[in-house]
2 protein chains.
Amino acid sequence: MLKDDTIAVPQKCDDCPIRHRAVCARCEPEELAQLEQIKYYRKFEAGQTVIWAGDRMDFVGSVVTGIASLTQTMEDGRTQMVGLLLPSDFVGRPGRDGTVYDVVATTDLVMCCFRKKPFENMMEATPHVAHRLLEMTLDELDAAREWMLVLGRKTAREKIASLLSIVARRDATLRKTGMVGRLVFDLPLTREAMADYLGLTLETVSRQISALKRDGVIELEGKRHVTVPDFARLMEEAGDDSDGGMLV
Amino acid sequence: MLKDDTIAVPQKCDDCPIRHRAVCARCEPEELAQLEQIKYYRKFEAGQTVIWAGDRMDFVGSVVTGIASLTQTMEDGRTQMVGLLLPSDFVGRPGRDGTVYDVVATTDLVMCCFRKKPFENMMEATPHVAHRLLEMTLDELDAAREWMLVLGRKTAREKIASLLSIVARRDATLRKTGMVGRLVFDLPLTREAMADYLGLTLETVSRQISALKRDGVIELEGKRHVTVPDFARLMEEAGDDSDGGMLV
DNA sequence: CGGTCGATTGAATCGCATCAAGATGCGTGG
DNA sequence: CCACGCATCTTGATGCGATTCAATCGACCG
């Protein structure tokens with residue numbers, strides 16, 4: 001892999017947008033200083049592959065801005081996205097040399113990477129990093145299991161509604177508008193990426209989105225800009241009334 | 001919940017069958033002594049519910065013998081099993097009060113439970129428990145993602161073959177026969193439980209098992225006793241040639 | 001202006017769910 | 001010991017939902 005994706009400009013952790021959500025969230029100033037020593041930034045364009053399944057990984061890291069996806073592929077080409085990596089999410093596995101997933105930049109992407117060996121040493125030495133990582137991993141596990149229900153038991157329409165409600169919810173959280181009134185957001189995924197995530201074909205995704213639009217559950221401007229007039233209605237369409245379906 | 005499931009007989013950790021695989025695997029003798037202080041055993045019969053989704057949990061623990069399942073349910077009754085808990089697997093989430101899943105004993109079950117608060121304190125104090133738990137959680141996350149591919153992209157036949165190969169592999173590991181020659185094992189799940197795990201109906205499960213039998217991929221004695229004459233063939237049917245599909 | 005990429009829509013097909021009957025096996029009680 | 005009931009499993013017929021194959025459309029770009 002070409003290394004011209006490395007960013008020269010150093011950024012202080014204090015100003016980092018994911019300072020309080022990422023693996024470093026719990027760190028004390030002196031631990032942060034240690035992390036600054038071993039960190040570097042990398043930048044990817046939408047569509048670029050960050051790591052191929054089976055590749056050796058000499059770093060771990062966090063998504064700073066943008067979105068990446070974890071994908072598995074079968075020999076015959078069928079693919080399933082198994083994770084959506086949003087800002088503050090962690091990539092890589094301490095104590096293991098490779099990934100089993102392709103990591104692909106879905107949008108333009110900036111990652112904060114740590115050299116693996118020093119990071120592992122830090123995990124041994126200081127509890128805060130390890131503790132935060134455990135917490136994050138447990139959350140991801142819950143999210144993955146939540147998604148198993150979507151993949152295993154929901155209809156195409158419910159799957160689409162589930163995805164939309166997740167993206168809507170995350171977007172609202174991010175900019176701290178509540179879950180009230182009309183929600184407006186952009187879909188960060190192509191129809192094909194949605195299909196890969198939902199275990200559908202892109203045609204079915206397209207059809208169901210059209211159907212939800214026709215039925216007034218959502219409104220569309222262009223292909224990606226979505227308005228949800230009534231979030232409760234969307235939740236209902238997703239098959240989980242009330243609070244259910246938390247993910248990410 | 002009735003508490004008559006608590007077992008009076010104390011068991012020493014040294015003799016414990018899951019001593020070196022469970023959350024206590026890395027513990028030093030004195031840490032083990034600490035754990036002994038806060039542990040107790042509980043026993044469940046096949047079919048009994050260990051915890052209901054939404055219930056408060058005042059303990060965490062490990063499966064010692066038997067099998068349990070984690071299940072999610074939608075309001076309309078559709079269910080999806082999101083995890084199969086085998087001996088040494090961990091139940092519960094430190095730092096959180098309840099489960100979001102039903103935990104059900106699939107077979108007769110013995111669990112080694114730790115009172116939650118003292119266990120959390122121990123995690124703070126000693127690194128070995130927390131470290132091992134992180135490792136196990138990362139493994140579970142991988143397994144969950146592996147399963148997402150099964151649920152999202154595999155056909156009914158491939159799903160059945162995937163499940164069989166997992167059970168076969170685990171069984172062979174457990175009794176240290178290799179993956180060579182004829183594999184013989186018992187299915188620990190009913191057709192309905194398999195359906196819940198695979199995102200199918202029990203009728204489809206039954207049909208596909210019959211089909212695999214008809215095609216000579218497996219042999220059956222009774223409903224539960226399975227022989228796999230050629231494991232590579234089974235893997236092929238599962239859609240992952242060579243080494244793929246590791247789970248559990 | 002063709003060319004490409006993403007998206008939409010239609011028609012035909014197929015895999016799995018659904019509905020419905022039986023078969024098998026097992027424990028219980030007469 | 002056999003009859004009965006119940007749970008589990010098998011098998012068949014039918015219909016629906018999602019895939020597949022294919023044509024078309026719009027937006028963007030060189």
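Every chain is numbered from 1 and lettered A, B, ... according to where its sequence line falls, protein lines coming before strand lines. The figures that follow rest on heavy atoms only: side chains count, while hydrogens, waters and symmetry mates do not. Computed from a predicted model, the values in this text were never measured in an experiment.
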Does one side chain, of B:Thr204 or B:Thr201, offer a donor that lies under 3.5 Å from an acceptor on the other? yes
Spacing of B:Gln208 atom CD relative to D:dT11 atom C1', expressed in whole Å: 13 Å
In whole angstroms, how far is the C1' atom of C:dT8 from the CZ atom of A:Arg214? 12 Å
List, one per line, each side-chain donor-acceptor pair under 3.5 Å for residues 220-232 of chain B, sequence neighbours excluded.
residue	atom	partner	partner atom	Å
B:Arg224	NH1	B:Leu187	O	3.3
B:His225	ND1	B:Asp186	OD1	2.7
B:Asp230	OD1	B:Ala232	N	3.1
B:Asp230	OD1	B:Arg233	N	3.4

Separation of atom CG in B:Leu202 from atom C1' in D:dA7, rounded to whole Å: 12 Å
For D:dC9, does the base pair up with any side-chain atom of B:Glu203 as donor and acceptor (N or O, under 3.5 Å, distance only)? no
Does B:Thr201 have a side-chain nitrogen or oxygen under 4.0 Å from the phosphate oxygens OP1 or OP2 of C:dC16? no
Rounded to whole Å, the CG-C1' distance (B:Leu220 to D:dC9) equals 11 Å
Specify whether B:Trp147 and B:Tyr197 have parallel, tilted or perpendicular ring planes, treating 30° as the upper limit for parallel and 60° as the lower limit for perpendicular. parallel
I'd like to know if A:Arg207 reaches the base of D:dT20 with its side chain, counting only an N/O donor and acceptor under 3.5 Å. yes
Candidates D:dA18, C:dA11, D:dA13 - which lies nearest the side chain of A:Leu200: D:dA18
Taking all heavy atoms of A:Gly66 and all of A:Thr107, pick out the closest pair and write down the distance. CA-OG1, 3.3 Å
Would you indicate which nucleotide in D:dT10, C:dA17, D:dT19 comes nearest to any side-chain atom of B:Ser210? D:dT10
Regarding A:Arg153 and B:Asp76, does a basic nitrogen lie under 4.0 Å from an acidic carboxylate oxygen? no
How close or far is atom P of D:dT8 from atom CE of B:Met194, stated in whole angstroms? 12 Å
Side-chain N,O (A:Thr204) to OP1/OP2 (D:dA18) below 4.0 Å: no
Nucleotide D:dA18, atom P - distance to CZ of A:Arg153 in whole Å: 14 Å
Nearest to the side chain of B:Thr190, which nucleotide is it out of C:dT8, D:dC9, C:dC16? D:dC9
Whole Å only: how far is the CZ atom of B:Arg78 from the C1' atom of C:dA17? 12 Å
Got a list of protein N/O to nucleotides 26-28 of chain D N/O distances below 3.5 Å?
none

Tell me whether A:Asp196 is salt-bridged to A:Arg191, with the criterion being a basic N under 4.0 Å from an acidic carboxylate O. no
B:Asp76 has an atom CG; how far is it from atom P of C:dT18, in whole Å? 10 Å
If each of A:Arg224 and B:Thr155 is mapped to the nucleotide of DNA chain C with the nearest heavy atom, which maps nearer the 5' terminus, i.e. the 5' end? A:Arg224
Taking only residues two or more places apart in sequence, or in another chain, which ones meet B:Glu219 in a side chain to side chain donor-acceptor pair (under 3.5 Å)? B:Arg182
Ring-face cation contact, B:Phe185 with B:Arg169, 6.0 Å cut, 45° max: no
Which nucleotide wins on minimum distance to the side chain of A:Arg191, given the candidates C:dA11, C:dA7, D:dT11? C:dA7
With heavy atoms under 4.0 Å as the rule, sort A:Gly199 into base, sugar-phosphate or nothing. sugar-phosphate
